[in-house]
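Take a look at the structure set out below.
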Amino acid sequence: MQEVYLALFRCKKVAGALPFLEETNMKRNIPLGFDNFSIRACGWKAPQLLDYAAAQNCDTILFSDLDVYESHDDNHLRDVKQKADDLGLKIHAGTGSICPTSKIYNDKWGDAVEHLSLTIRVAKALSSPVARCYLGNSDDRSSEGGIQARMKDTIEICRAVRDLSVDSGVTIAIENHAGDMQARELVQLIEEAGPDYVGATLDSGNATWTLEDPLRNLEILGPYAVSTGIRDSMVWRDDHGPVVQWTAMGEGVVDWNAYFDLFAQVCPDVPCQLEIISGFSRAFACYDVEFWAPYEDVRAVDYSRFMALSWKGRVLSAGEANNADYQKAELERSLRFCREELGLGLR
């Protein structure tokens with residue numbers, strides 16, 4: 001597979017010099033939408049977000065938290081679903097951490113079983129095929145027992161709601177989130193919990209926070225994907241190791257044409273939902289021996305694929321990460337790029 005990507009890269013270089021070989025923007029017929037976290041600073045509830053998504057000619061929207069609804073009673077959820085139907089939008093519903101031993105677990109919605117059960121109920125009411133959730137973040141790799149212990153705890157929660165998930169027709173869609181699990185670790189979790197009712201929310205940006213090339217992440221995790229959170233990443237190097245800054249689509253180092261060519265093959269029925277989180281960088285002190293303790297299982301071939309991205313990258317300055325106008329501009333520019341350069345979207 002790596003040889004294929006190198007060949008594609010060489011073809012692109014040649015195409016830039018020979019006009020008759022330039023790429024054509026073919027329509028990929030992949031639904032396009034966004035995660036409401038992309039414009040979190042707006043503070044909008046579900047109805048406003050649906051209106052905005054329709055104005056942007058989106059096909060889908062991911063409500064990735066339970067606070068986005070005025071309430072969780074059936075009447076309100078029925079109204080939200082009806083509004084989405086009227087606007088021609090499909091909803092993916094979600095929440096945050098469902099791992100009770102994660103350092104970022106929040107018991108606002110009860111214990112982990114109650115929390116995930118509520119999310120599944122909300123998803124069913126909205127005709128969402130998924131209940132998106134996640135384990136935790138990179139700090140959980142350094143917790144007692146490491147990431148494997150947190151994966152085990154998450155599997156137990158999933159198994160506790162298996163019947164509810166199956167009966168509701170809602171797949172538990174666990175995201176590779178904020179540096180918690182690499183793709184192959186999330187695959188392990190899904191297989192052990194049960195792929196008949198657990199799948200993946202594929203996050204290309206979070207892949208770079210686990211030292212993965214997003215294309216490599218897609219190769220491994222794509223066949224399990226049922227939902228997405230997509231964004232670009234810029235990667236460069238400083239004196240201590242790689243630095244990652246998430247960006248608007250087309251403004252990082254990911255080869256998106258190669259990515260969505262593969263995406264269409266391995267998860268053809270899954271929407272591309274943008275989760276644009278720009279404006280800040282994160283450094284990884286990979287040149288320091290102490291850094292690697294929580295990453296002892298990282299494979300050299302995967303890390304080398306990730307580090308190769310840094311040769312294509314450049315240093316970026318910070319942006320206004322928490323500003324609503326900045327967030328909307330980043331998202332809207334990304335939606336345009338996806339339509340005009342990648343042929344995404346059904347409208």
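Side chains of S38 and E275: a donor-acceptor N/O pair is absent below 3.5 angstrom, by distance only. For R282 and S138, the side-chain atoms include at least one donor-acceptor pair closer than 3.5 Å. A side-chain donor-acceptor contact under 3.5 Å links H92 and S227. For E175 and N206, the side-chain atoms include at least one donor-acceptor pair closer than 3.5 Å. A donor-acceptor contact closer than 3.5 angstrom links the side chains of Q188 and Q148. In summary, the side chains of Y295 and Q182 do not present any donor paired with an acceptor at a separation below 3.5 Å, with no hydrogens or angles considered. For T60 and Q273, the side-chain atoms include at least one donor-acceptor pair closer than 3.5 Å.
Residues passing the side-chain contact (heavy atoms from CB on, under 4.5 Å) test with H72, sequence neighbours excluded: L66, Y69, W109, L118, R121, V122. Applying the salt bridge (Lys or Arg N to Asp or Glu O under 4.0 Å) rule to D85 yields the partners K81; only residues at least two apart in sequence or on another chain are considered. Contacts of F280 classified as side-chain contact (heavy atoms from CB on, under 4.5 Å), with partners at least two apart in sequence or in another chain: W209, W246, I277, A321. In this structure, the side-chain contact (heavy atoms from CB on, under 4.5 Å) partners of D65, at least two apart in sequence or on a different chain, are N36, D67, V68. Residues meeting the salt bridge (Lys or Arg N to Asp or Glu O under 4.0 Å) test with R150, sequence neighbours left out: D153. Taking the side-chain contact (heavy atoms from CB on, under 4.5 Å) definition, one finds that A183 meets it with E212, N217, I220, L221, sequence neighbours left out. Listed by chain and number, the residues in a side-chain hydrogen bond (donor to acceptor under 3.5 Å, both in side chains) with Q245 amount to none (sequence neighbours excluded). With sequence neighbours excluded, no residue satisfies side-chain hydrogen bond (donor to acceptor under 3.5 Å, both in side chains) with E70.
Contact detail for P294 and S142: the closest heavy-atom pair is CG-OG, 3.4 Å. When all heavy atoms of C99 and Y105 are compared, the pair lying nearest together is O-CB, 3.3 Å.
Annotation: side chain of I91 is not in contact with side chain of S127 (no heavy-atom distance under 4.5 Å). Counting heavy atoms from C-beta on, the side chains of Q327 and I276 never come closer than 4.5 Å.
The 12-atom threshold is exceeded at NZ of K45, counting heavy atoms of other residues, nucleotides or ligands nearer than 6.0 Å. Under a cut-off of 6.0 angstrom, the local environment of CZ in R299 is sparse, with at most 12 non-hydrogen atoms contributed by other residues, nucleotides or ligands.
For the atom pair CG (D213) and CZ (F306), the distance works out to 9.0 Å, reported to the nearest 0.5 Å. Here D35 contributes atom CG and S64 contributes atom OG; the two are 3.5 Å apart, rounded to the nearest 0.5 Å. Atom CD1 in I98 sits 3.5 Å away from atom SG in C133 (nearest 0.5 Å). Within the model, atoms SG of C272 and CG of L274 stand 4.5 Å from one another, a figure rounded to the nearest 0.5 Å. The CE atom of M249 lies 11.0 Å from the CG atom of L331; values are rounded to the nearest 0.5 Å.
The hydrophobic cluster containing V187 also contains L189, counting ILVMFWY residues as joined when their side-chain heavy atoms lie under 4.5 angstrom apart, directly or transitively. Follow the hydrophobic side-chain contacts under 4.5 Å out from F63 and you reach L335 in the same cluster.
Other members of the hydrophobic cluster containing Y134, listed by chain and number, are I104; membership follows side-chain contacts under 4.5 Å among ILVMFWY residues, whether direct or relayed. Y326 belongs to no hydrophobic cluster with other residues, because no ILVMFWY side-chain heavy atom falls under 4.5 Å from its own, directly or through intermediates. The hydrophobic cluster containing V130, built from Ile/Leu/Val/Met/Phe/Trp/Tyr side-chain heavy atoms closer than 4.5 Å, also comprises V226.
Applying the ring-ring contact (aromatic ring centres under 6.0 Å, His included) test to residues at least two apart or on different chains, none of the pairs has a partner in residues 155-174.
Remark: aromatic rings of W292 and Y287 are distant, center separation not under 6.0 Å.
Without hydrogens or angle criteria, D232 side chain to E251 main chain gives a donor-acceptor distance under 3.5 Å.
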Original post:
Between L202 and V270, is a side-chain contact (heavy atoms from CB on, under 4.5 Å) present by the stated rule, with each step listed?
Top reply: CA-CA 10 Å; L202 182 73; V270 179; over 6 Å; no
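Salt bridge absent: D140 and K103 never bring a charged side-chain N and a carboxylate O closer than 4.0 Å. By the 4.0 Å N-to-carboxylate-O rule, E185 lies close enough to R141 to be salt-bridged with it. Taking a cutoff of 4.0 Å between a charged side-chain nitrogen and a carboxylate oxygen, R216 and E219 qualify as a salt bridge.
Evaluated for a side-chain contact (heavy atoms from CB on, under 4.5 Å) with W256, the options L342, L215, D261 yield exactly one hit, L342.
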